[in-house]
Number of protein chains: 2
Amino acid sequence: MKKKIYVHVADDHKIVIEGIIAVINTDNEIAINGYSLTGEEVIDFFDKKGNRVDVLILDITMPILDGIEVLRHFKENKINQKVIILSSYDDIKIVEEVLKLGCKGYITKNSAGEHIVNAIKAVANGEQYFSNDIQKSLFTTFSGQQVSQKGDVPDKFLIDSLTEREVDVIRLIVKEYSSQEIADELNVSTRTVETHRKNLIKKLKVKNSVGLAMYAVKNKIV
Amino acid sequence: MKKKIYVHVADDHKIVIEGIIAVINTDNEIAINGYSLTGEEVIDFFDKKGNRVDVLILDITMPILDGIEVLRHFKENKINQKVIILSSYDDIKIVEEVLKLGCKGYITKNSAGEHIVNAIKAVANGEQYFSNDIQKSLFTTFSGQQVSQKGDVPDKFLIDSLTEREVDVIRLIVKEYSSQEIADELNVSTRTVETHRKNLIKKLKVKNSVGLAMYAVKNKIV
DNA sequence: TTTCATCTACGTATTTATACGTAGATGTCT
DNA sequence: AGACATCTACGTATAAATACGTAGATGAAA
């Protein structure tokens, strides 16, 4: 008999975890090793306790530490663990980010259960796996404009590239402050705020302040 | 043997549906009648096709028509169907709203599977059922505790007051369109768009377009 | 020491957004 | 018939944001 594939599931919704476990149990090559409800628990499990499994199923949205931060922790601490992201988002920016952080698969919560099983087997086998919708997004991204991902591109993601001050500004933009109000709040001139705003729009590749706000909430800068 | 309790599940995430089905199947008093992936499918099932089940498990967040709109449709068309809301939100305003719309139970996705089973049985039996966290929220609200909103009148659900056209506009604002671009898209003049924008800002009590976008995403207008 | 990123600020010009307002056309409900 | 909401559009005016720039001060890093 084949060796079992061991899986750990991290999601803040118990129901989702139970669903995944139910789905996984339909396949007798795969077994559940444990689960976590927060990013903190995940790190505790893998880092402090030194556990490893064949595949970690990781949700993006979790309290305390989200999935991206978990991946970042893994990377920084050179914890070698195959990860499949299971997320509600099909935002290409998030996909790109987690890919750079070394995750091996990405499936959306819209996927049918069998896709999860397939994803687990593929990743456990050293391959990569992406949902159809994600593949489409990736395709349009990589075919449209070149995202140059050869060699060692400095793995600075957009969000990381923001300076402290820029984060200050974007936070206040989200709170519906005008440049004038932001200037008063930060004790700088409106010109400065406008410069920051301008640079933010360029950096984050959005069209206007609404785009900044949307980016900020999507990426939990707020 | 007791009569089976028939349940219909509506959620846009297949995994969640599979999870619920798996949980429900652990109890042999309850059976699945069918499931829906959008609010439209739900209405199709109950209204057009005239089906009824003992309990409908209904997610709030769904494309095309969300759970609240489904409840509203039920109420307006006098469709008598017991509903349990299954939601990620523990926002008390949403809870109050769905209660007014006649839903009989509310459980959060954090709940363990057994709670769903209990909720289904309670509601099928004519009772109400709420998750612990929801009960707490309701308690603090109704026990006179002011909800930290500096004594505001509990503003009706602003979102209801939006006209179709206003929703069109706010959706495009979220997509970072300018008034000009929105005008082109909707085939009206920029003046009209600006009027809608102005009215939206007033109606939703926000300060600017960023506020509109934030409101839209928070309240899932998008 | 030099280089570099960052924060800061200003110049000029144009485009958008916001704040007041009015008002006709249309359809719906009573 | 009348009341009403909605969608549409315009007038005038100011405030704010965006698009191009440049550039000094500062502190950290190479």
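Throughout, a chain's letter reflects where its sequence line sits, starting with A, and its residues are numbered from 1.
An OP1 or OP2 oxygen of D:dT6 is reached within less than 4.0 angstrom by no side-chain nitrogen or oxygen of B:Arg165. A close approach under 4.0 Å does occur between a side-chain nitrogen or oxygen of A:His196 and OP1 or OP2 of C:dT8. Distances shorter than 4.0 Å separate some side-chain N or O of A:Thr163 from OP1 or OP2 on C:dC7.
Electrostatic pairing of A:Glu166 and A:Arg197 does not count as a salt bridge here, judged by no charged N lying under 4.0 Å from a carboxylate O.
For A:Asn199, the side chain to side chain donor-acceptor pair (under 3.5 Å) test picks out no residue, with sequence neighbours left out. For B:His8, the ring pair (Phe, Tyr, Trp, His ring centres under 6.0 Å) criterion is met by B:Phe45, B:Phe46, not counting sequence neighbours. For A:Lys207, the side chain to side chain donor-acceptor pair (under 3.5 Å) partners at least two apart in sequence or on another chain are B:Glu181.
Here B:Asp11 contributes atom CG and B:Ile17 contributes atom CD1; the two are 5.5 Å apart, rounded to the nearest 0.5 Å.
B:Asn208 places its CG atom 16 Å from the C1' atom of D:dT14, with the value rounded to the nearest Å. Here C:dC20 presents its C1' atom at 10 Å from NZ of B:Lys202, a figure rounded to the nearest Å. The CZ-C1' distance, from A:Arg197 to C:dA17, rounds to 12 Å in whole Å.
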I'd like a table of atom pairs between the protein and nucleotides 22-30 of chain D - only N or O on both sides, under 3.5 Å - with the distance next to each one.
none

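Taking both residues in full, the closest heavy atoms of B:Phe74 and B:Leu56 are given as CE2-CD2, 3.7 Å, listed atom of the first, atom of the second, then distance. The minimum heavy-atom distance between B:Lys82 and B:Ala124, with the atom names listed, is NZ-O, 3.4 Å. Between A:Arg165 and A:Leu186, the shortest heavy-atom distance links the atoms NH2-O, 3.2 Å. In plain terms, the two heavy atoms of A:Ser36 and A:Glu41 that are nearest each other are CA-OE1, 3.4 Å.
Within residues 176-194 of chain A, the residues having any heavy atom closer than 4.0 Å to DNA chain D are, in order of number, A:Ser178, A:Ser179, A:Glu194.
Applying side-chain contact (heavy atoms from CB on, under 4.5 Å) to A:Ile182 and the options A:Ile173, A:Asp168, A:Val188 leaves one that passes, A:Ile173.
The rotation axes computed at either terminus of the helix from C:dT1-D:dA30 to C:dT30-D:dA1 lie 50° apart, taking five pairs at each end and rounding to 10 degrees.
Heavy-atom contacts from other residues, nucleotides or ligands closer than 6.0 Å to OH of A:Tyr35 number 12 or fewer.
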